[in-house]
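Keep in mind that what you see is a predicted model, and the values were worked out from it rather than measured.
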Amino acid sequence: MDKQKTVYICFSTDIVHSGHLAILKKAAQLGELIVGVLSDSTVAGFKRYPLLPFEERKNLFENIKGVSRVICQDTLSYRGVIKQLRPDIIVHGDDWTQGFLQPIRAEVEALLKEYGGELVEFPYDESPELRTIEHRRFAEAALPDFRRARLKKLLELKGFVRIIEAHSGLSGLIAETATVYQDGVGRSYDGMWLSSLCDSTIKGKPDIELVDMTSRMQTINEIMDVTTKPIILDGDTGGLSEHFVHHVRTLERIGVSAVIIEDKIGLKKNSLFGTEVEQRQDSIENFCSKIQAGKYAKRTKDFMIIARIESLILEQGMEDALKRGFAYVQAGAGGIMIHSRRSEPDEIFEFVRRFREKDKVTPVVVVPTSFNTVTEEEFQKRGVNIVIYANQLIRSAFPAMMGTAKCILEHHRAKEADERCLSINDILNLIPEKG
């Protein structure tokens, strides 16, 4: 009697629907069916954080008829699984024949070819009923309680997260969906930074806290309508303590994960001006009182108040920065952001090293706008937990739009500008329909 073939199929989903059951049934008819379930960190690395943790997702598949056993696949690449199991057949939907998963498919084909394995692809189910399920899942992931808690969960799960600025619904979609595949790993952004600089710039206003919280709340809502990932808000100085407590309650209620406030007072000037313009730092006592007021106003453990230290920007020295960092944590800050306008990262590295000598737990945040040669791997190795790319999307959008505008002026028509633009169909497909 011929030995039964081994069949392998992998899932990232946390909702098992009729489409999944159908493909599992077909796969089980081909031989002994082994199901792989992507780990939480792998799923979170290339798409939104799973609603159900790995063990619960694993249990879902263990209780499905026809499944022989369930294993953990901890990378998007199938290389490790194929080397370990040498399955006769790998089953997948045909949706990976395009998009960022194409390199994974190519790798699978090459590895199977080495020993005569077979790739079987079934048509991806795009029925209206299943689209409705996906829309419902999106809606659940966007609910305030799910979204607010996700930043802390990601930090616990991964230890390091990358955040990019968003200033509109469209840029929010980019932050939500941008994904690349490199070296067996899917990389995407873990959340969004809503910068006061970018929010002001997109409205054509100076970055001096002229755009009030009411207007900024509208931007938050526009982004939340079309995304599910965590949001960190640039809260500038936080304003008066009496106002800050109300902002904390509002942001927490609508599902924002964190607010970052800086220890300056007076009319806001962008930090990258440094001492070129008059900027004043708040006293440690006053800023700690503001942090404490915000902490007491919180209703959940999920919402984070992160203190931004301006000592290095204002040339007050490393000792002042460290003194403030420890004091702010003692006052209740859930994280510390250290900032610098130097192109060399030396003082950032020194701060993190010395801060970590006494505090190995509190998340440390950096914004590498000026010291932009440092890789995420280097930051993580030195003890940084959150990297924020604070303004790159809006800075790249402006020259692109200006170039298109000048192109039309130069040619007296729009034809030559077409090569700079997405097609109308691409624009329509970029904006998903949410039912």
Side-chain angles (χ1 to χ4, degrees), residues 148 151 163 165 191-200 205-220 230-273 278-314 316 320-321 323-339 362-367 386 388 390:
R148 183 197 316 114
L151 180 61
I163 308 292
E165 66 97 352
M192 289 157 278
W193 164 249
L194 271 62
S195 158
S196 62
L197 166 65
C198 297
D199 209 0
S200 300
K205 306 283 187 182
D207 182 28
I208 55 173
E209 295 185 86
L210 184 61
V211 178
D212 63 16
M213 187 57 72
T214 301
S215 179
R216 300 201 65 202
M217 288 296 297
Q218 183 174 340
T219 304
I220 295 172
I231 288 176
I232 302 175
L233 179 73
D234 176 6
D236 289 322
T237 65
L240 298 173
S241 292
E242 293 84 355
H243 295 172
F244 182 55
V245 297
H246 290 286
H247 296 330
V248 165
R249 288 172 183 160
T250 299
L251 295 170
E252 182 182 38
R253 185 181 68 251
I254 65 175
V256 171
S257 295
V259 62
I260 297 183
I261 55 172
E262 60 191 74
D263 56 359
K264 291 194 300 194
I265 55 176
L267 180 65
K268 184 204 171 165
K269 299 289 186 182
N270 190 280
S271 291
L272 295 182
F273 282 124
E278 184 181 355
Q279 301 190 73
R280 292 184 294 152
Q281 201 167 12
D282 202 354
S283 69
I284 294 177
E285 294 74 20
N286 285 344
F287 198 68
C288 284
S289 295
K290 187 179 292 185
I291 293 169
Q292 289 168 343
K295 180 184 176 183
Y296 294 142
K298 293 199 310 172
R299 297 287 186 261
T300 71
K301 294 180 180 179
D302 301 328
F303 186 78
M304 300 172 68
I305 297 172
I306 298 173
R308 170 171 157 175
I309 301 170
E310 295 289 282
S311 300
L312 302 182
I313 290 285
L314 300 178
Q316 296 303 303
D320 184 75
K323 181 179 179 181
R324 287 174 178 271
F326 297 129
Y328 297 163
V329 172
Q330 189 68 30
I336 293 294
M337 175 180 155
I338 185 63
H339 206 20
T362 302
V364 173
V365 185
V366 297
V367 180
I386 301 175
I388 299 176

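- Between Val367 and Arg308, the closest side-chain pair of non-hydrogen atoms is not below 4.5 Å.
- When side chains are defined from C-beta on, Met304 counts as touching Leu151, because their heavy atoms get closer than 4.5 Å.
- With contacts defined as side-chain heavy-atom distances shorter than 4.5 Å, the pair Glu165/Leu197 does not qualify.
- Nearest heavy atom pair, residue Ile260 against residue Ile388, reads CD1-CD1, 4.0 Å.
- Under the 4.5 Å side-chain criterion, counting only non-hydrogen atoms from C-beta, Tyr328 is in contact with Cys288.
- Counting only heavy atoms from C-beta outward, the side chains of Met213 and His243 never approach each other to under 4.5 Å.
- Of the possible donor and acceptor atoms, one in the side chain of Asp234 sits under 3.5 Å from a partner among the backbone N and O of Asp236.
- Taking CG of Leu194 as the reference point, atom CD1 of Ile231 lies at 5.5 Å (rounded to 0.5 Å).
- Shown are Ile261, Val245, Ile305, Leu240; of these, the side chain to side chain contact (heavy atoms under 4.5 Å, CB included) with Lys290 is made only by Ile261.
- Side chain of Lys264 to main chain of Glu310: no donor-acceptor pair is present (N/O by atom type, distance under 3.5 Å, no hydrogens or angles).
- Partner Phe287 forms a side chain to side chain contact (heavy atoms under 4.5 Å, CB included) with one of Thr237, Asp263, Ile265 and no other, that one being Asp263.
- Within the structure, salt bridge (Lys or Arg N to Asp or Glu O under 4.0 Å) contacts touching residues 250-259 (residues at least two apart or in different chains) do not occur.
- Between Ser215 and Asp212, some side-chain heavy-atom pair lies under the 4.5 Å cut-off.
- The distance from atom CE of Met192 to atom CD1 of Ile220, rounded to the nearest 0.5 Å, is 11.0 Å.
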